[in-house]
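A, B, ... follow the sequence lines: proteins, then strands. Residue 1 opens every chain.
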Amino acid sequence: MRPAPARSIPARVALLVALVVGATAAGTAVVSYRHAVAEAEGALARKGEAYAAIAAAELGPSPARRDAAAAQEVLEALAHDPDVAEATLSYRAGARVTTRSEGAPSPAGSTVDTEIDVGPRDGEAGRLVVRLHRISLEDARGRALRASAAGAIGVLLIGVAAALLIGASLRRRLRALTRVASAIAAGDLRGRPVKSGAGDEIDQLAHAFDAMVTRLEELLAQQARSAADEQVRLDGLVRERTNELGARHREVRRLLDHMSDGLFTIDRLGRLGTESARVLERWFGPAEPGTPFWRYLAADDDGMAGRIEMGWDAVSTDLLPLPMALDQLPRFIRSGPASLELRVEPIDDGGERPEQFLVVVRDVTLALERDAAAADARELGAALQCIASDRDGFVEQLREVDALARRVTTAREPRPEVLRDLHTLKGNAAMLGFRSVASICHEWEDRVDITQELPDAELHVRLVSRWGAIRGALAPLIHEGTHRTAVERGDVERLEEAIRAERPRSTLLSLTRALLMERAESHLSRLADYARVSAGGRGSDVRVHVKCDDVRLESSAFTSLWAALVHVVRNALSHGIEPPGDRVACGKSPIGEIRLLCSQSSGASRSRSPTTVVASTGIECARSQRGWACRARRSTSSSERSSHPDSPPARR
Amino acid sequence: MNGKILVVDDSRMIRTIAGNALRGRGFDVVEACDGIDALARLDADRDIDVVVSDINMPRMNGIELLEAHVARPAPRAPVVILTTESEVYLVQRARALGARGWLFKPLQSELLVAAVSKLCGALAPPSRQTGSGS
């Protein structure tokens, strides 16, 4: 509720003055009216007395000396005065002379009577009564009332005018003070209150106000000087700090411009910060602050952008513990030919959870190429070692890997035989030292296992190109197209002795053909090496026994067997031999055993040619208490056997 | 028991790996071989806390399962999707349908356990403070 508007002080003063003047004027008017009425009444009484005295004198010392007519004349002379209503001379004897003025007789109470005795004591005395109209008295009263009222009104008007003048003067001076005070409140100290020189309270207030403003001006000036000094000091500090920050910023900028790693920060929503290393522009273009970092890092690769975004979603939604969620992000991205390593680290700002993250992008192209070159060198070195020790065996395995890789990379469906080939390819590649190929096969197996589909083109291309590179590097080392057979000295000596002894031609041919056979033991020894190496890679130890009884076979026979043998050895290692700890717990030696056997028999092939034998190759591993066992046995096709009693053991 | 988890995958091997990992950490595990099976399990058992589902499955895949699941009356168990890196678009779709998270295959047991533990922890009602007085 709004308060009623306050009546201004000048208005109050004017009202007060008007009231006082009005009251005074009214009092004065009443007094003067009464005085005037009293004066009129006195004058009327005096007039009656004067008329009575004059009439008495005219009537003489004795009324008898005069007649009634004369008395009547005297009285009528009085009646000429309009104020005289009636004049009556009454004698004690009863005579009575009366005269009246014209007009209606005066009612009782409307006259003023003056009585006087006339005549000597000894003569006939009478009594004269002069009756005057009160009309003149009423007129005098009216005049007095009007005069008093007019005077009071005049005084009141003068008082009101004076009050208005006083109020206006007060208002003007107070308003002048108010204007100055308002200007000061608004910050303008230039104005000064007008001093009237009257010396009254308002004038004193104006002087005090003036003094106050002057003092205030001085204080403000002093404050302004202090503020200016402080401003100068602060400006200096700010300039100094700005210079320091500028220097630091330039230093950081220089660092960011010249460092080889791409650094930038992101917030919890994955949006880029304002600063970033310049090298990033070379890879991804200018960094626009606020852009999601997956869009920046993989603008042309929706798949990669989606993977990063999904990975980051796990971070921002707190689905996983932070280190695990960060570990889910892709580790490598590409920019043209460059391979880039991506690392995201939380920035600890003391909060409950990090709100800022540092993203580090590092060009690892050369490092990867170096690693690849080193891996190539290692793989080639391992291959050279194999070639040096057993070139033919190596070539044999190489051809099988070739065939496996061809079948795997041309397969259209993940049929069981394709998966078996893939598994064998992995094992053979590992055995030959081609870990890169084995790794791709492993990844391929994982993908197939998960999706039940052949992997995407990327893995396919990697396998083809990697295996192609290895084959290309090995081609000049193994002189493919030529076939060499290692001939043992004893075999040559036996042939030589048969020639000297002039053995039959068929015997000599048989001995000559035997030179082209290969010992099964050399192949199985390679398998044994593979088993030992593989077992070492699995953290276990294995003892491999090879027993072949000097069985010899054509190299092509092993080509068809090799994949199965490798598979069985690997299964033996994976499923047939317990981990060392389990073996010890079962009371067995921590070292497992595998026996690789190759034997020959001739009875099974009687229906065939007399020279046919059956070579049986098998693998046995020690039976454990947990029921693990594996046994692979395979009989190969028939082979010619020398009919000569001195011919060497069957070589098939 | 930490919670009841429904593992949905047509691969018995994945179900076994995931189930073993979760049981080993004290979770009760229910298995389903596809989306239809999973919905039946969800209808039969209202105590399932988290659903871990593959995407590629016969009869009803993970996305269809998610669509059917979000149409069910609340409260609904949160769903974690198992997928491969090549199926990002499916993950995004699953995310839009309300999947709470996803894990890439090959399945890493510790990630699965961490994600499920977090979701179960988030589902758990706040522990009530018990005073020593009255």
* Structure fact -> CE of A/M310 to CD of B/Q92, rounded to nearest 0.5 Å, is 4.5 Å

* Asked: If you draw a 6.0 Å radius around CG in B/D43, do more than 12 non-hydrogen atoms from other residues or ligands fall strictly inside?
  -> yes

* Side chain, backbone, both or neither: which part of B/Q108 has an atom under 4.5 Å from a heavy atom of chain A? -> side chain

* To do: Return the set of residues passing salt bridge (charged side-chain N to carboxylate O under 4.0 Å, His left out) with A/R295 (not counting sequence neighbours), or none when no residue passes.
  => A/D302

* Asked: CZ of A/R334: more than 12 outside heavy atoms within 6.0 angstrom?
  -> yes

* ring-ring contact (aromatic ring centres under 6.0 Å, His included) partners for B/H69, two or more places apart -> none

* Asked: Does any non-hydrogen side-chain atom of B/K118 lie less than 4.5 Å from one of A/L320?
  -> no

* **Max heavy-atom pair count under 4.5 Å with chain A, selected residue of B/V91, B/V80, B/L111, B/V116** => B/L111

